[in-house]
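In what follows, a single structure is set out as structure tokens and then discussed.
The sequence lines fix the lettering, A, B, ..., with proteins before strands; numbering per chain opens at 1.
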Protein chains: 2
Amino acid sequence: MSRLPEYLRALHALADAGHETVSSEGLASAVGVNSAKLRKDLSHLGSYGTRGVGYDVALLIDQIESVLGLTQCRAVALVGVGNLGHALAGYDGFASRGFQIAALLDADPSRVGEEIHGLVVRHVDELPRVVAEESISIGVIATPAPAAQAVADQLVAVGVTSILNFAPCVLSVPDGVDVRKVDLAIELQILSFHEHRKASLIALPATGGSALTALPGGLATPDTQEAIGT
Amino acid sequence: MSRLPEYLRALHALADAGHETVSSEGLASAVGVNSAKLRKDLSHLGSYGTRGVGYDVALLIDQIESVLGLTQCRAVALVGVGNLGHALAGYDGFASRGFQIAALLDADPSRVGEEIHGLVVRHVDELPRVVAEESISIGVIATPAPAAQAVADQLVAVGVTSILNFAPCVLSVPDGVDVRKVDLAIELQILSFHEHRKASLIALPATGGSALTALPGGLATPDTQEAIGT
DNA sequence: CGCGATTTGTGCACCTCTTCACAAGCGCCT
DNA sequence: AGGCGCTTGTGAAGAGGTGCACAAATCGCG
């Protein structure tokens, strides 16, 4: 499940705070989900809770990390050292959670050779050698949209089967390759939608707004962390 | 729906390519979704397609932008000008899609006054004045996790009701405030999970792997753009 | 040793989202 | 004008996720 990483983060916070055990209720409220859902999620990876007590924090961390394949430090290659790539290269949230940016690559010759946060930018054509040398398991694409597909093809060609794509475009990849997409502008647009809707509802409280602003049903956007009580 | 922004991006690409109309099939395959789903999505905002022909690209763009509230350029305030914030400030993907980063703020006095991409960093305590002056409608949090909740509280206090949170933590906000979260490490962990699973399945093809690696059912992670045929 | 409080694990109902399949509508060609 | 092919819009079926409510299990205390 995609919620496991969130549980893991909350568990690390709890461990740092000195807790040895957590109840499903406590962990659920820390993550902002239903406790039954959390229990069901955890039960899917083999019951590791003690009834009447809760879950052993350290044990659960080990289990989740094992499931997520975080027992080994994974090496990622970052392609595209522009604005965003530059920041990602220096983002310490990766290293602290078991990911090591092992290589920086770019297609722009003027950027090759530049040193960023202790790593030298290499040309994207060196990808095959880099992937082999550093045993890359994940590729991150932070190039402009027009270049993303070509980079993805290169990554796939050298055996990378997991890609995190920051470019605002859809990548087509063969079966067996996982692509996750992060589009920062889309997130803003979703917020804009909600903002627009709220404004319309206030302006037209009786009629409920036009057919455009008052979409039927729940206009639910997944992943929206909204209004967590207490 | 959270898919509307993706449709919008594909439509812009089609418009740039000179297309005047699109069939649901064509647009669906460009975005990577089922055509029936796309039609149902579009029908929710009032039918704007012509049977036998398809959808008018320009008209559909207008409609979606109207629904998303993108007719006006929205001003966003970015709090936290560290590694990530720096990159976001310079990310041109925002401006090109109707979002203007109107203010940069930070709690670190040594950063206040710094000029980044034409904007001067102001202290986060000036938030009330900044929000009023620039008519901010969205706040972006790019601070370290420990500072995020305080910043969120400040944003809410000055009337911001839409927050995009890059800090790896759960924010608690009152009802009526929308929070969207982007956690880059979580995305990598999800990829790591898939990678780990693929490796296990290959290593243990007969048994299907341990109970840990072979989660029951679909181990489906939403938002995963996987293996788009053709 | 037994009992009560507490918490996990889970069956069941519900609800949303997805997908198929098809009728209705539109334009074009004859 | 009429028919034909193509595309939209939508009803219905299916799948999957969610949350409630409760039985089973464990610990601590008298």
Side-chain angles (χ1 to χ4, degrees), chain A residues 1-4 6-7 10-11 14 19-57 59-60 63-64 190 211-212 215-229, chain B residues 1-4 6-7 10-11 14 19-57 59-60 63-64 190 211-212 215-229:
Chain A
M1 299 278 179
S2 61
R3 282 185 297 267
L4 286 182
E6 309 197 36
Y7 300 159
L11 285 167
L14 287 169
H19 291 70
E20 303 230 333
T21 63
V22 217
S23 69
S24 66
E25 200 92 23
L27 182 56
S29 74
V31 180
V33 300
N34 186 296
S35 64
K37 193 196 307 190
L38 185 140
R39 285 199 298 275
K40 197 157 288 189
D41 285 346
L42 295 186
S43 76
H44 282 325
L45 44 94
S47 329
Y48 282 95
T50 313
R51 303 185 183 212
V53 177
Y55 296 91
D56 183 294
V57 172
L59 182 59
L60 198 49
Q63 286 304 326
I64 293 182
I190 293 173
L212 290 175
L215 292 188
L219 48 76
T221 50
D223 290 331
T224 304
Q225 167 213 333
E226 183 168 3
I228 298 159
Chain B
M1 299 279 180
S2 62
R3 281 185 298 268
L4 285 181
E6 308 197 36
Y7 300 159
L11 285 168
L14 287 168
H19 291 72
E20 303 229 335
T21 62
V22 217
S23 70
S24 65
E25 201 93 24
L27 182 55
S29 75
V31 180
V33 301
N34 187 298
S35 67
K37 192 196 310 192
L38 185 139
R39 285 199 299 275
K40 193 153 288 188
D41 285 347
L42 295 186
S43 75
H44 283 323
L45 44 93
S47 330
Y48 282 95
T50 312
R51 302 182 184 218
V53 177
Y55 297 90
D56 182 293
V57 173
L59 181 61
L60 199 49
Q63 285 304 327
I64 294 182
I190 293 172
L212 291 174
L215 292 188
L219 49 76
T221 51
D223 290 329
T224 305
Q225 169 214 336
E226 185 167 1
I228 297 158

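Across all non-hydrogen atoms, the minimal contact from B:Y55 to B:G49 is CD2-CA, 3.4 Å.
Distance A:D56 CG to C:dT7 P: 16 Å, rounded to the nearest Å. Atom CD of B:E25 is separated from atom C1' of D:dC6 by 11 Å (rounded to the nearest Å). Distance, A:N34 CG to C:dC14 C1': 14 Å, rounded to whole Å. Atom CG in B:L38 sits about 12 Å away from atom P in C:dT19, given to the nearest Å. When the C1' atom of C:dT7 is taken as reference, atom CG of A:L27 falls 14 Å away, rounded to whole Å. Look at NZ on B:K37: it is 18 Å from P on D:dT10, rounded to the nearest Å. Here the P atom of nucleotide D:dT7 and the CG atom of B:L42 are 16 Å apart, to the nearest Å. Rounded to a whole Å, the NE2 atom of A:H44 is 10 Å from the P atom of D:dT18.
Closest-nucleotide positions on DNA chain D for B:A36 and A:A36 were compared, and the one nearer the 5' end corresponds to B:A36. If A:R3 and B:T50 are placed on DNA chain D by their nearest nucleotide, the residue sitting closer to the 5' end is B:T50.
Considering only side-chain N and O atoms, B:Y55 lies under 4.0 angstrom from the phosphate OP1 or OP2 of D:dG9. In terms of phosphate contacts, A:R39 brings no side-chain nitrogen or oxygen within less than 4.0 Å of OP1 or OP2 of D:dC22. Under 4.0 angstrom from either OP1 or OP2 of C:dT8 there lies at least one side-chain N or O belonging to A:S24.
Contact check for A:L42 versus A:Y48: no side-chain heavy atoms found under the 4.5 Å cut-off.
Counting distance only, with no hydrogens placed and no angle test, the side-chain atoms of A:K40 and the base atoms of D:dG19 include a donor-acceptor pair under 3.5 Å. Under 3.5 Å, the side chain of A:R51 and the base of C:dT7 form no donor-acceptor pair of N or O atoms.
Here the OG-CG distance, from A:S24 to A:L27, works out to 8.0 Å after rounding to the nearest 0.5 Å. Rounding to the nearest 0.5 angstrom, the gap separating the CG atom in B:L60 from the OG1 atom in B:T21 is 11.5 Å. Atom CG in A:D41 sits 4.0 Å away from atom CZ in A:R3 (nearest 0.5 Å).
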